[in-house]
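Report on the structure given below.
In the text below, chain A, chain B and the rest are named by the order of the sequence lines, each starting its count at 1. Quick caveat, the model's predicted, so the values are computed rather than measured.
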Amino acid sequence: MLQGITSEAFILGCSAIGAGLAMIAGIGPGIGQGNAAGKACEAVGRQPEAQGDITRTMLLGQAVAETTGIYGLVIAIILLFVRPLLSAYIGLGL
Amino acid sequence: MELQFTIGGQEILIHDSIFNLWLVIIFLSIFAFIVNKKIKEVDITEEPSGFLNAVEILVDAVNNLVRSTMGENNMSFAPYIFTLVCFLGVSNLVGLIGLTPPTSDYSVTFSLAMITFTIVQVMNFKTQKGIVGYLKSFTEPFAFLTPINILGELGNPISLSFRLFGNVMSGGIIMTLLYSALGYFAPLITPVLHGYFDVFSGLLQTFIFAMLTMIFISGATE
């Protein structure tokens with residue numbers, strides 16, 4: 001083990017780094033949702049009378065595009081708050 | 001509020017999200033009783049006004065939404081969609097009065113998604129006319145795509161529940177972090193964020209959950 005660092009602290013730190021890495025998944029949905037919003041703006045500019053339908057379709061598409069980001073978020077939350085790696089390490093009884 | 005009590009030497013802990021879930025259920029039941037009582041006394045020759053008018057606008061909006069997304073022959077699902085909208089709307093807005101939203105508990109969102117999943121499978125079974133057609137629908141368009149079709153079908157409730165859970169949960173975590181970081185100065189900043197996370201995001205996720213449910217069900221009935 002590294003000097004002065006307990007195993008538990010090491011696992012907690014690595015879990016935090018892992019949570020940060022998992023949140024990189026937020027980039028994709030961000031780009032995708034912005035793209036969809038931009039296209040919806042274009043559509044409203046071209047056809048202002050269909051604004052309600054366009055907004056509804058855009059929100060639905062964005063919600064589906066968001067799914068991958070939410071998966072990353074759930075993994076980050078589990079790593080930070082449920083701490084499965086720490087309990088697995090303690091469960092090993094080393 | 002968390003409840004903790006002991007029955008026969010076993011400690012039972014009821015989380016605050018489950019407690020708030022029952023609060024929402026009781027509130028909606030009382031609301032339903034009042035509406036039911038008022039709507040029976042109303043004179044149908046007069047124009048609706050006040051409280052009943054608002055309820056009628058809501059029911060009409062959901063009916064129109066169901067009609068435009070699922071078609072006239074699926075109008076029997078409108079009560080289910082309206083129940084979903086009422087329940088999710090109220091439980092996401094519960095964060096405004098300082099309680100934990102019930103939807104930030106994964107068991108709540110997963111059970112709602114499983115209800116939708118069961119309806120979709122039953123409707124699939126009905127439209128494919130029996131078990132042979134139902135099983136055969138998984139081998140479309142090619143037989144070797146069967147595992148992917150099954151995985152795609154099983155992924156629907158998971159993505160549906162995680163979407164709602166992740167949105168509400170992350171909003172709650174950010175609000176908790178802000179409240180603990182700012183201390184006494186929190187009321188200067190948090191009202192705007194409550195408006196975003198609870199009102200906007202909560203109602204948007206309600207709409208999206210209902211919308212996706214309608215799309216899945218209408219896909220199974222075609």
For [X], does the [atom1] atom sit with more than 12 other heavy atoms under 6.0 Å from it, leaving out its own atoms?
X      : atom1 : result
B:Y196 : OH    : no
B:Q10  : CD    : no
A:Q51  : CD    : no

**Message:** Would you say that A:F81 contacts B:I173 through its side chain, given a criterion of any heavy-atom pair below 4.5 Å between the two side chains?
**Reply:**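 SC-SC contact between A:F81 and B:I173 confirmed.
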**Message:** Measuring only between side-chain heavy atoms, which start at C-beta, is B:N167 closer than 4.5 Å to A:E66?
**Reply:** yes
**Request:** Heavy-atom distances under 4.5 Å only: say whether B:F165 touches chain A with side chain, backbone, both or neither.
**Result:**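 The side chain, not the backbone.
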**Request:** Report the distance from atom CD1 of A:I70 to atom CG of B:L164, rounding to the nearest 0.5 Å.
**Result:**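 Atom-to-atom, A:I70:CD1 and B:L164:CG are 9.5 Å apart.
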Sorted by number, residues from [range] in contact with chain A (heavy atoms, under 4.5 Å):
range                       : answer
residues 179-193 of chain B : none
residues 62-74 of chain B   : B:L65, B:S68
residues 197-207 of chain B : B:L204, B:Q205, B:F207

**Asked** Heavy-atom distance under 4.5 Å to chain B: side chain of A:I77, backbone, both or neither?
**Response**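 Contact with chain B involves the side chain of A:I77 alone.
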**Message:** If you compare all heavy atoms of A:L73 against all heavy atoms of B:G166, which two are closest, and at what distance to 0.1 Å?
**Reply:**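 Minimum heavy-atom separation between A:L73 and B:G166: CD2-O, 3.5 Å.
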**Message:** According to ring pair (Phe, Tyr, Trp, His ring centres under 6.0 Å), does anything in residues 60-80 of chain B pair up with another residue at least two apart or in another chain? List the pairs.
**Reply:** none
